[in-house]
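A short worksheet on the structure shown next.
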Amino acid sequence: MAAQPVPHPSTDRKRVKVYELRNNDWFDRGTGFCTAAFTISEDGQQRDPRVLVESEDQPDRVLLETRICKEDGFHKQQETLIVWTEPSNGVDMALSFQEAEGCAMIWKFINGIQQQYHSVNAPDDSLSDDLAMDMPNPISLPPASMANLAEVESQMRGFSGTANGRDALTKYVLTEDYIGKLILLVSDAEDLESLNDLHRLCNIMKIIILLNDTSIIEHAVSDECVIGVVGALEYDPDFPSHKANHRQWLEGEGRYKEVVRIEDAQILKKIHQTYRLQYLKDVVLARILDDNTFSVLNSLIFFNQVDIVQHLQSNANFLAELFNIFKSPQPDPRRKKEAVLFIQQCCGIAKNLQPPARQTLYNNFLAHGLLQVINFGLRHGDTAVRVGATDILVSMIDHDPQMIRSMIYRQLHEKQPPLTDSLIDLLLVEVDLGVKSQISDALKVLLDQGPPIQPEQFTKANGEYAVRAASRIPPSADPQQDNFLNGFYESSATKLFQPLINLEGRPSMEFSVQQASMFTYLIEILCFFIRQHQHRSKFFVLNNDIVLRISQLLTCPEKFLKLVAIRFIRQLIGLQDEFYVKHVLEKKVIGPILDVLVETMPRDNLLSSACLEFFEFIRKENIKDLVKHIVENYREKVQALAYLELFRTLIIRYDQTGGFNMDYYVEVDDEPRKRANIINPKTGGLMEHIAMDQAEEEYWNTSDDEEELQGKPGTRPLSANGEPHNAKPLVDYASDEDGDENLEAGALSADEDKQEDGPRKAMESSRDAAPPPERLSEKRRREEDEEDDLSKMVQHKRRNSTSASSNTSNVSGVLRKKKSVSSARDAGGGPKKIAISLSSNLKAGNGQTHSRSADEA
């Protein structure tokens, strides 16, 4: 059987939107012109029937090209929608036509092709019995009556078990108007008080709706059927002793309120249908919905909402009449309230639209005076109106905050009260915690000036020349935003944080629930301002004594307020800004935090954890001023907590350094392989000593050829005037220091070493047992260079082969200087000692070095 092509000349192209279902949300693939026809091969033969959509903006671009086949399952919804599932990838697609005539023309072609497929694939006598039963043969159900309800329910369950049975049952229900016949039995069963029949009617309605056919669902929520359908669903057999009241809810006349009359009857019908579909999805069938039915209901609701919003925003007369309600010289409070709630619903629907359509709606609203509506709603006495105005504002801020900022800039330019003042007034008096949270978030977004400028990153990337160039680059901040922030901190900020400022002199720290929540939101906003508005917030915090006021909350009985106060001070410390650190020290707010910790310990809770983390951060970051302040001013409290390692470390750190040069503090339990800190004896500066490898130390400590040459008789080096050096050892002094210097003062000849007697050897052995002396060459190097490193600390031994005269003068000078330093220390005038821990490897290495030097000598 050949199919006749449906002619579609270019003038018959119909404007359409193409949608694709992604993650249960319809994605707009674009707008174009749709045609449906057979493809023609090169030899003129007709081929596959296809639906083609060419882009409106780019005619050469094809938005959709799909082949019509039996498995696609094309369905027509309402008057302008065609939906199907692509057999290749299983993606749900939809075409939304601008006009019903275009949808009808395309559907006529598609439906004709699908009917031909069904007729071609009809079963014949050669097919097996099992295959014939699976084909969608015409079915018939018993007449709808009270006596046949049990048989009707049984047959429907059987048919709904297979895909072909579901298709056949769907066609029978639509053709015979079976829903209309069943709803007549609901009132009869209620009159007879037949609960079993009512339960059967409920099960039958569930089976029919779960067939997932859009035509059946649209018919079920129509004006003539919806009350009977939900009436049957009130008697759920899973809850035999309960009855729902769905009809009472849907029949309520006050549910639908028409603020401005909608003249289009089709749009009015879609509004009622959308409301019923939402009620069916969220209330009536919420417990039994499967994924397919849920997707079908969402699709119907989405396309209805798109049509409703597009109609409203394109109707200029409707928008003008809607917003004129707030400009009328004779105000009607009830009508203004309903207008705010209507706009709230429109913004709620817009959240599901694509961004371009949502932007168009918001622009139309703003052009007609939406900010005036928001200001009115925020100051209204009714909680529902305030919630509605807040929802409108938050929806627009989530979409584009710069759009709202631009409106605020315009208000400031026209000398009008800005929108932020209305938000502040509402935040201070609002009792609804949800509205407070939304207003707090809105204020933070509107006053956000973006991330702070960090020139260091530019410096590291481009070098010094780029730094000089960057210093000449003007700041990229928006001048309008700067003016807005300046005006905010001049007047609005004081009004916003006035409850915190008023805490001064307050004897009792007991607050109501609303006051406590208000302090929570205010401190969160203030923390945000400190991070974003660095210079402005510093002046505001200092001028209004905010830190001391917030520290008063540490004495209130509510623990969550104590946590909020600790979090605020912790953020100030976490910035590691010298200004805030000095301000915290000046106001002495660390003491109350210690008091809170002493009260809560040894219990483990969120409050004690926050306090411990506060002090752990100070110890870890080694904020010297804070460590010194804590130990000096609160030593008794810290000692009471010394059973914790954290506070014991703070005390040890302060005691060992005396509050000065805490950078030089070294932990006692450092591993031997770690770097040890050494103090320069001349400057008192910190030097770094790295543990050397043992083989490398042996290499540098062995004698060289020059020393061997000095050890031979008759080859003594000459001094500057040509005279041989005096090879005799220097005079031995009684003190150990003099003996140490003699050991490295000059080179002894080999034959003089042989002439040493027993007592001399005993003296050398006793010297080897003494602590290893420090080389004179190292001392000289430390005097010459304050920044000593490894190469200067480990010197070659040929440095020791200098002239005897220079050695004598240098040794005597060093001895005098060393004795003067020792006498000054004994008199108590020297500097305080600094705790130093040397690695064991270093000590072992020095001991071996000096023992070998003594043996060679």
Side-chain angles (χ1 to χ4, degrees), residues 24-28 257 259-260 271 274-275 278 282 298 301-315 318-319 322-323 325-326 336-380 382-411 418-427 430 432-448 521 525:
N24 292 327
D25 191 12
W26 286 102
F27 175 75
D28 187 359
K257 297 179 181 179
V259 183
V260 178
I271 292 175
T274 303
Y275 175 73
Q278 288 177 331
D282 298 334
N298 274 338
I301 293 170
F302 172 77
F303 289 114
N304 280 348
Q305 289 177 343
V306 170
D307 294 338
I308 294 169
V309 171
Q310 287 182 348
H311 171 78
L312 295 180
Q313 72 178 3
S314 61
N315 193 339
F318 177 85
L319 292 178
L322 174 64
F323 286 95
I325 296 175
F326 301 94
K336 285 186 176 181
K337 173 184 175 180
E338 293 175 353
V340 173
L341 299 180
F342 174 77
I343 297 174
Q344 177 195 5
Q345 286 186 345
C346 290
C347 292
I349 293 174
K351 292 180 181 179
N352 300 323
L353 301 181
Q354 299 295 327
R358 188 162 63 243
Q359 181 71 41
T360 304
L361 176 66
Y362 290 152
N363 289 337
N364 288 333
F365 281 177
L366 288 173
H368 286 82
L370 181 61
L371 275 188
Q372 182 181 356
V373 177
I374 295 175
N375 279 320
F376 167 80
L378 293 177
R379 301 176 185 274
H380 200 275
D382 193 343
T383 304
V385 178
R386 295 198 302 272
V387 172
T390 308
D391 283 343
I392 296 171
L393 179 62
V394 171
S395 299
M396 301 184 70
I397 290 176
D398 290 340
H399 174 67
D400 186 7
Q402 189 60 35
M403 179 173 57
I404 303 297
R405 293 194 193 105
S406 301
M407 301 302 295
I408 296 176
Y409 301 157
R410 186 182 306 172
Q411 287 179 327
L419 176 63
T420 50
D421 286 353
S422 300
L423 293 176
I424 291 171
D425 294 337
L426 180 58
L427 179 63
E430 182 58 56
D432 188 278
L433 298 181
V435 176
K436 277 189 175 183
S437 177
Q438 286 184 319
I439 294 174
S440 173
D441 294 338
L443 280 173
K444 288 188 283 189
V445 173
L446 292 177
L447 292 167
D448 185 8
Y521 290 117
I525 295 174

What's the separation between atom [atom1] in [X] and atom [atom2] in [Y], rounded to the nearest 0.5 Å?
X	Y	atom1	atom2	answer
Ser406	Asp400	OG	CG	8.0 Å
Leu393	Ile404	CG	CD1	6.0 Å
Gln359	Asn364	CD	CG	10.0 Å
Arg410	Leu419	CZ	CG	13.0 Å
Thr420	Leu427	OG1	CG	12.0 Å
Gln278	Asn298	CD	CG	9.5 Å

Is there side-chain contact between [X] and [Y], with at least one heavy-atom pair below 4.5 Å?
X	Y	answer
Leu370	Phe323	yes
Leu423	Leu446	yes
Gln305	Gln310	no
Asn375	Gln411	yes
Ile325	Val373	no
Leu353	Trp26	no

Minimum heavy-atom separation for [X] to [Y], with atom names?
X	Y	value
Val394	Gln438	CG2-CB, 4.0 Å
Ile525	Ser440	CG1-OG, 3.5 Å
Ala384	Leu341	O-CD2, 3.9 Å
Leu433	Tyr521	O-OH, 3.5 Å
Leu361	Cys346	CD2-O, 4.0 Å
Gln354	Asp28	NE2-N, 3.3 Å

Worked check of side chain to side chain contact (heavy atoms under 4.5 Å, CB included) between Met403 and Asn363: CA-CA 9 Å; Met403 179 173 57; Asn363 289 337; 3.8 Å; yes
Neighbour count >12 (heavy atoms, 6.0 Å) for atom NZ, Lys337: no
Derivation and outcome, side-chain hydrogen bond (donor to acceptor under 3.5 Å, both in side chains), residues Arg358 and His399: CA-CA 8 Å; Arg358 188 162 63 243; His399 174 67; 3.3 Å; yes
Side-chain donor/acceptor of [X] to backbone N/O of [Y], under 3.5 Å:
X	Y	answer
Asp448	Lys444	no
His380	Phe376	no
Ser437	Gly434	no

Check against side chain to side chain contact (heavy atoms under 4.5 Å, CB included), Leu322 and Ile343: CA-CA 9 Å; Leu322 174 64; Ile343 297 174; 4.1 Å; yes
Derivation and outcome, side chain to side chain contact (heavy atoms under 4.5 Å, CB included), residues Ile374 and Phe365: CA-CA 11 Å; Ile374 295 175; Phe365 281 177; over 6 Å; no
Electrostatic pair Asp425-Arg379, nearest N-O below 4.0 angstrom: yes
Side chain to side chain donor-acceptor pair (under 3.5 Å) partner of Arg386, chosen from Thr390, Asp382, Thr383: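 Of Thr390, Asp382, Thr383, side chain to side chain donor-acceptor pair (under 3.5 Å) with Arg386 is met by Thr383 alone.
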Derivation of the side-chain hydrogen bond (donor to acceptor under 3.5 Å, both in side chains) call for Asp391 and Gln344: CA-CA 7 Å; Asp391 283 343; Gln344 177 195 5; 2.8 Å; yes
